[in-house]
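One structure is given here, and the rest of the page talks about it.
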Amino acid sequence: MRGPLDEKTYNKLIEYLDKNGEFIDEQNRFLVDYSTFLEGVSRRKSDIRTRVTNGKVELIVKKGKFGGHSREEVSVFIEGDNLKNALTFMALLGYKNGITAYKTIKKYIIDGIEITIHEMKKS
């Protein structure tokens with residue numbers, strides 16, 4: 001299930017999960033999405049990104065329907081976690097335009113079900 005939450009609903013959900021679920025992990029992620037410029041958003045079949053999650057830099061390629069459950073994904077970590085090198089590498093491959101985003105990802109388990117909440121940061 002996917003969908004946006006308003007701030008009040010988000011806060012109520014986090015409060016409920018903190019009280020009734022088991023907190024698993026929190027990730028802070030910055031990303032550059034190159035595929036939006038290649039295919040748009042609604043019909044894209046690829047997802048090409050540079051991302052930094054809790055300080056670890058990686059290159060990501062996903063293939064399949066956006067938001068789909070059966071997408072292929074490959075990740076390559078960058079030695080030394082050097083974001084500048086990762087961005088330069090992608091630019092040399094021809095990926096010079098991207099959309100940036102910063103988000104926090106919180107993971108919980110409740111009644112044997114994993115719930116992951118992505119909070120997009122507004123700039």
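Quick note: residue numbers are just sequence positions, from 1.
- The side chain to side chain contact (heavy atoms under 4.5 Å, CB included) search around K8 returns D6, K12, not counting sequence neighbours.
- Expressed to the nearest 0.5 Å, how far OH of Y16 lies from CD1 of I115 amounts to 8.0 Å.
- Under the side chain to side chain contact (heavy atoms under 4.5 Å, CB included) criterion, L93 pairs with F89, M90, Y95, sequence neighbours left out.
- Between the side chains of N20 and Y108, not a single donor N or O lies within less than 3.5 Å of an accepting N or O.
- Cluster partners of L92: none. The rule joins Ile, Leu, Val, Met, Phe, Trp and Tyr whenever side-chain heavy atoms lie under 4.5 Å apart, and it links nothing here.
- The hydrophobic cluster containing Y34 also contains Y102, counting ILVMFWY residues as joined when their side-chain heavy atoms lie under 4.5 angstrom apart, directly or transitively.
- Side-chain contact between I48 and L59: absent, with no pair of heavy atoms (C-beta onward) separated by less than 4.5 Å.
- Scanning for side chain to side chain contact (heavy atoms under 4.5 Å, CB included) contacts around L31 gives R29, D33, R49, R51, A101, K103, with sequence neighbours left out.
- Shown here are the salt bridge (charged side-chain N to carboxylate O under 4.0 Å, His left out) partners of E119, two or more places apart in sequence or in another chain: K121.
- Under the side-chain hydrogen bond (donor to acceptor under 3.5 Å, both in side chains) criterion, D25 pairs with Q27, sequence neighbours left out.
- A distance of 11.5 Å separates OG of S35 from CD1 of I60, quoted to the nearest 0.5 Å.
- Partners of N85 according to the side chain to side chain contact (heavy atoms under 4.5 Å, CB included) rule, which considers only residues two or more places apart in sequence or in another chain, are N82.
- Here salt bridge (Lys or Arg N to Asp or Glu O under 4.0 Å) pairs that include residues 79-100, with residues two or more places apart or in two chains, are K56-D81.
- Partners of K107 under the salt bridge (charged side-chain N to carboxylate O under 4.0 Å, His left out) rule, at least two apart in sequence or in another chain, do not exist in this structure.
- Note: E26 CD to K106 NZ = 5.0 Å, rounded to the nearest 0.5 Å.
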Trace of the side-chain contact (heavy atoms from CB on, under 4.5 Å) decision for L17 with I117: CA-CA 11 Å; L17 292 171; I117 302 172; 3.5 Å; yes

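- Looking at residues two or more places apart in sequence or on another chain, you find a side-chain hydrogen bond (donor to acceptor under 3.5 Å, both in side chains) between E114 and T116.
- To the nearest 0.5 angstrom, N28 atom CG is 4.5 Å from T104 atom OG1.
- Under the rule for a salt bridge (charged side-chain N to carboxylate O under 4.0 Å, His left out), D18 has no partner lying at least two apart in sequence or in another chain.
- Residue E72 holds its CD atom at 12.5 Å from OG of S46, rounded to the nearest 0.5 Å.
- Hydrophobic clustering of Ile, Leu, Val, Met, Phe, Trp and Tyr side chains at less than 4.5 Å, counting indirect connections, unites V57 with F30.
- For the pair K63 and D47, the salt-bridge criterion is not met [side-chain N within less than 4.0 Å of a carboxylate O].
- Residues I110 and L13 share a hydrophobic cluster, clusters being chains of Ile/Leu/Val/Met/Phe/Trp/Tyr side chains in contact below 4.5 Å.
- No continuous path of hydrophobic side-chain contacts links V52 to V76 [ILVMFWY only; heavy atoms under 4.5 Å].
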